[in-house]
Amino acid sequence: MPPAATVGLVPTMGALHVGHLSLIQEAKKECDFVALTIFVNPTQFAPGEDLDSYPKTLAEDLAKAAEEGVDLVWLGESDVLYPPGFSTVVAVPQLADRLCGKSRPHHFGGVCLIVLKLFNLFQPTHAYFGEKDLQQVTIIERMTTDLDLAIQIVRCPLVRESDGLALSSRNVRLNPAEREAALSLSRALMAIKTSWESGERNPQRLSECGVGDLDSRVELEYLEIVDRGSLSTIDTAEIDVEAVVCIAAKVGDVRLIDNIALELS
Ligand code: PAF
């Protein structure tokens with residue numbers, strides 16, 4: 001019997017950048033059929049967030065998808081996905097209450113809802129998510145395990161610009177001065193990593209050396225060193241688990257996130 005076909009799903013909100021393309025490329029390597037979804041999902045935005053100003057570059061996205069050899073591009077429509085009367089919620093509370101979940105309590109419920117709907121629609125064997133959204137991929141893995149979904153969640157590494165800025169669709173909304181200030185997020189993470197590599201193990205001192213590197217135009221939401229699995233803040237005197245430094249901040253009107261791993265060996 002021939003092996004069953006593998007279907008790779010790459011869910012996105014469009015405004016595709018090199019990070020998204022790396023997900024598609026990974027999916028192309030592993031799967032017989034690759035579906036790309038583009039849908040700015042309203043249920044993961046709260047009123048007052050950037051749903052309306054989220055970048056939209058559909059013509060360019062379709063050209064990039066074609067160039068990468070995507071087999072199918074699917075464009076979601078809100079009124080079809082969420083018709084009147086829609087009322088189901090999906091929640092992974094223990095992972096969604098921390099980090100970004102503190103300021104965006106609605107967000108991960110909306111992400112889980114659309115991702116679960118996409119899983120049902122496409123029945124993929126594999127689904128691809130970037131580690132820039134570390135909390136998102138961790139929550140999706142939990143949901144997939146808890147609901148016994150036969151889908152392999154593939155984590156793909158965060159991709160940076162050559163100057164260190166983590167790629168994000170929202171970067172296009174930064175003006176040159178804001179972009180310059182935003183660079184201090186990755187600089188802060190690198191400073192912590194350097195201190196870690198030179199032997200510092202105390203989470204408080206590590207965090208302080210990162211915060212000291214932030215540009216004054218950066219409005220810090222959090223800088224936390226968390227356990228890689230549970231995403232809970234490490235508050236022991238010494239870090240002795242696989243850890244990740246996570247940061248979220250606003251620069252002008254643009255909310256950015258980034259993270260870097262602190263490996264034990
Ligand atoms: O990471 C994103 O772009 C979105 O949160 C996702 C996974 C496509 C769900 O809307």
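Numbering of ligands and ligand atoms starts at 1, following listing order.
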Which residue owns the protein heavy atom closest to atom 7 (C) of ligand 1, what's the atom, and how far is it?
Gln136 NE2, 3.5 Å
Should the pair Asp258-Arg160 be classified as a salt bridge under the 4.0 Å nitrogen-to-oxygen rule?
yes
In terms of side-chain heavy atoms, does Glu68 have a donor or acceptor partner in His20 at a distance below 3.5 Å?
no
Are Asp163 and Arg187 close enough for a salt bridge, meaning some N to O gap below 4.0 Å?
no
Can you check which of Gln44, His20, Lys117, Met13 brings a heavy atom nearest to atom 10 (O) of ligand 1?
Gln44
So if I count the atoms of ligand 1 from 1 in the order they appear, which ones are less than 4.0 Å from some heavy atom of Thr12?
8 (C)
For Lys29, is there an ion pair with Glu26 - N to carboxylate O distance below 4.0 angstrom?
yes
Can you find a pair of side-chain heavy atoms, one from Glu242 and one from Glu263, that are under 4.5 Å apart?
yes
Sub-4.0 Å atoms of ligand 1 with respect to non-hydrogen atoms of Pro11:
8 (C)
Within ligand 1, which atoms have a heavy atom of Ile114 less than 4.0 Å away?
9 (C), 10 (O)
When only distance counts, is Asn41 in polar contact with ligand 1, meaning an N/O pair under 3.5 Å?
no
